[in-house]
Amino acid sequence: MSQRTFNWRHMPGGRSLMTGLLLFLYAPLAILVIYAFNSSRIVTVWGGFSTRWFQLVLDNPDIRRTAYTSIVVAIAATILATTFAVAAVLALERGKLPGLRGTAEGLIALPLVVPEIVVAITTLVFFSAIGLKLGAGNLIVAHTVFCIPFALLPMRARLRDMGQSAENAARDLYASEWRVFRRITFPLLGPAIASGAMLAFVTSLDDFIISMMVSDAGTTTLPVYVYGMMRVGVTPEVNAVSAILLGVSLLLVMAALLLTGRKPAAH
Amino acid sequence: MPAVSARPAPPSARSHFKAPGATQSSEPLVAVRGVAMSFGPVHALNDINLDIMNHEFLTLLGPSGCGKTTLLRLLGGFEHPTAGEIRLDGKDVAPLPPQQRPINTVFQNYALFPHMTVAGNIAFGLEMSGWRKPDIAGRVEQMLAMVRLPDYGNRRPDQLSGGQQQRVALARAMAPSPQLLLLDEPLSALDLKLRKEMQIELKRLQKESGISFVLVTHDQEEALTMSDRIAVMSAGRILQLGAPSEIYDRPVNRFVAGFIGDANIMAAAALGRTGGSVAVRPERVSVVAQAAGRQRGTVAGLHYLGSDTLLEVQTAEGMQRARVRGNAGFAIGDAVGLDWPDDAEVVLQD
Amino acid sequence: MNRLRSLLLLAPSMLTIGIFMAVPMLVALAYSFMTSSPYGGVQMPFSVGAYVQMLYDEDFDGVQVFTPDYLMIILRSVVLAGLTTLACLAVAFPAAWFIVCRPPRQRQLLLFLVSLPFWINTLIRTYCWVLLLRDEGLINHLFEGAGAIDEPLPLLYNDGAILLGLIYTFLPFMVLPIYSTLERVDHRLIEAAYDLYASRRLVFRRILWPLARPGVAAGALLVFAPALGSFLAPDLLGGGRKLLIGSLIQLEFTSGRNWPFGSAIAVLVSAAVLIAMLVQARRGRSAAELAA
């Protein structure tokens, strides 16, 4: 006698749906990585395991140069965006903004909602209108804009989760506002700041469309260069450089999520 | 630095606590005068007048939403009243932030700093009020001993049980020797047994330190056990203020009579008295022959409570309750009379 | 914290985004009412020509003739973005509910796995499908190897490939907000519904769906808006042969050199997205908040 016990959490077909979804999400990435290690010049024919395309890619001076631009831009944009975001999140979550909160939140969410291509062309138009020609500086400004909301996300979640009780307790124990920030808010926010910075870094590193429109010949970023390679055709080099970018993004995001995800299960 | 003088000074003497006012003056420690608080259109507090005396254990008791927590937050400086004064040592502290009041709080969920050790938590208020390093270490030891957690200095808050966190929160708030300690439902997160233990513990700490405690609770039993005085609050007002026995024996109105303990409420006229209504505690009611009773009726319900039995008796004045010793041998439908001594009757204002 | 200090703290972010994003969008709005200059860029006088151009073309005699070309591009983009949204919803809702029903540990892991692709370069994620779908790609290769086909199937460079790419890119955007609303549903509500004789279907229709609607709305906006203006999927998977809004905008600002017209389309897309966002913000939590 096998009477099915009642369990509303049981979902018929749920397991296969989830398996299918994860396969859909990850199989294409896995295939890219496998191809990248294929020694054959013909991408689809397996010629044995090899790292020679990686070597080739790392020796390519254009890739080195554009990667350097990407990293410099990402570091600068991350520092700016994270600093701005820390300040903004304190104002949004702990400050008094009568009548201004809605506007502030809307403005900061803008880069998340407006389609990237629109951001890209309006930025391009604006830079040329005001004659801003700072080379990589143009890229840094454009990247800072869309990195701010990403840097802000984990910090905001953290400040909401932790509530104000620890900060109020510190005030009660005679800490000045600066010391409340220095001794309580900042240390408790620390992991979220690190994680926000990493997300900003990844977002900047990954950006393609905005960089494509804003960068010029001297300040091409790596994704823009790789896009150019892709337009020419599917080659082992493209696979290898894509696999590298994929790996870097994965590492950074895992680090970011581990930093904030490590909260004790509170019930 | 502004108003440093309001902070408790680092001790020069090695006493457990600052000697609390050698001369026993009748001046209140804190005088709340005409305080009102509204959040937009909502009036959380109306015209509150309250004296908090030196060395007393005062409880703010009331149902949720009665304004007791708001009053506590006003005393702590986390909110500022829309009207009125809060005088401490004759000075109005109502507009001052929490940093500038010699008043500390034990928060409802303790609010221990999760990134500091137990010792770090206790030392925090001392560091902020300018104690010297060597003094701090000694004081932390002293406080840990006081709350009976002597070897816990290096633990993190999340390694402690609820009761232990509670003790650390107490030690942290008491370490800078505040003039007044505020406790916001401090025992609500603990289970029943631990709560009973902590009630005794709290009372002991208050007596030993001589600090005035203001406790907020909705638990009437907790209030009766621990307090020197109770302020019963409802809808943003203090309805009655007095010693526990006074509140219990002579409630001023229906709300107080009903909120603290159980009460039979009857129209004063039916008992040949003037005034609105009269309250009689069920345990003061005795069940007698129908003819001999001040009120007559039939038994409508019987609730066995272990040592006592609670009888519900349907009378002309409505359902009345009598609490009698043991299992009194009544049955539903019995015709009975209810009697009580004259002094059991309390005339209520409304 | 007082008001002045709050404003000072907010200023760097507000100014950066305001000057380098809100103002440029206003500039684009102004450009859309100007005339294209022969050297690229724009010139006076003001005109609504750019908007008229979307529907009418000037023939040799200077007569305005209705041309559906651009309208078709916009329609095709809207349809593709709409289909993407529906497909994502169809997969994301059950997937999100499945995750909610897992034990907490597994829940964390699954959520992590579903959200991870969000952070991987869209360029590379789109390129993966080129590897799979092209004539010499893995799928055709496998079919040929199995002898199922002689000629490679034309999998790449069509609307189906674009749709697949869009779903692949934006699926996580739909799962996360739906998950965060479903997670907050009190489990006792579901048990109460079953207790009151509801069937599985009715529990979904009467309890889960209404409670999850804010998440669905947020997810729909987060998928539809970027899908509408997407550039990479149409470019790499559609071969850029048939234009969509995104590639059309890009074209007008690069080789097309018709800035007013490009601006006009960008204005239309942004207006549609911003209106949707405002409507939603009025009805509850903002999309960005739910995505967090």
Side-chain angles (χ1 to χ4, degrees), chain A residues 86 89-91 93-102 154-197 256-267, chain B residues 1-10 40 72-73 75-79 96-116 120-131 156-159 168-169 171-178 180-184:
Chain A
V86 170
V89 84
L90 288 173
E93 291 299 315
R94 297 292 189 261
K96 288 195 183 68
L97 296 164
L100 201 73
R101 191 173 299 271
M155 298 183 209
R156 197 154 190 210
R158 175 75 180 129
L159 279 186
R160 287 200 176 164
D161 279 356
M162 74 188 210
Q164 301 206 35
S165 58
E167 291 156 55
N168 274 339
R171 285 187 188 106
D172 188 58
L173 294 165
Y174 317 111
S176 61
E177 287 303 321
W178 167 247
R179 280 169 134 178
V180 171
F181 174 73
R182 187 67 206 81
R183 296 284 305 268
I184 310 294
T185 319
F186 188 73
L188 290 179
L189 195 57
I193 295 175
S195 138
L257 292 183
L258 280 181
L259 275 173
T260 35
R262 238 173 230 285
K263 46 190 165 193
H267 288 291
Chain B
M1 212 182 290
V4 173
S5 60
R7 296 176 184 180
L72 198 79
R73 289 176 65 81
L75 288 170
F78 300 107
E79 311 274 357
L96 295 184
Q99 287 95 335
Q100 294 172 21
R101 304 178 184 212
I103 298 173
N104 291 152
T105 305
V106 175
F107 293 86
Q108 188 167 13
N109 294 311
Y110 318 137
L112 296 177
F113 306 129
H115 58 303
M116 299 181 193
N121 267 277
I122 299 174
F124 188 85
L126 303 172
E127 285 175 43
M128 295 299 136
S129 46
W131 281 48
R156 297 251 165 197
D158 59 6
Q159 298 170 314
V168 175
R172 182 178 73 176
M174 290 173 76
S177 313
L180 179 63
L181 192 75
L182 308 175
L183 302 107
D184 185 7

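Letters A, B, ... are given to chains in the order of the sequence lines, protein chains preceding strands, and every chain is numbered from 1. Remember, predicted model here, so these are calculated numbers, not experimental data.
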- prompt: Shortest non-hydrogen contact from B/P102 to A/Y174?
  reply: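 Looking at all heavy atoms of both residues, the shortest contact is CA-OH, 3.7 Å.
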- request: Return the minimal non-hydrogen interatomic distance between A/A169 and B/A111, and the atom names on each side.
  value: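 Scanning both residues, the minimum pair turns out to be CB-O, 3.8 Å.
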Could you check if a side-chain atom of [X] sits within less than 4.5 angstrom of a side-chain atom of [Y], using non-hydrogen atoms only?
| X | Y | result |
| --- | --- | --- |
| B/F113 | A/L188 | no |
| B/M128 | A/V180 | no |
| B/P176 | A/L173 | yes |
| B/H115 | A/I184 | yes |

message: According to side-chain hydrogen bond (donor to acceptor under 3.5 Å, both in side chains), who are the partners of B/D184, at least two apart in sequence or on a separate chain?
response: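 Expected list: none.
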From OG1 (B/T105) to CG (A/N168), nearest 0.5 Å: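 CG of A/N168 is found 9.0 Å from OG1 of B/T105.
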message: For A/R183, is there an ion pair with B/E127 - N to carboxylate O distance below 4.0 angstrom?
response: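 The answer is yes: the pair qualifies as a salt bridge.
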- request: Determine the option with the most heavy-atom pairs under 4.5 angstrom with chain B, choosing from A/G163, A/A170, A/S165.
  value: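 If we count pairs closer than 4.5 Å to chain B, A/A170 comes out on top.
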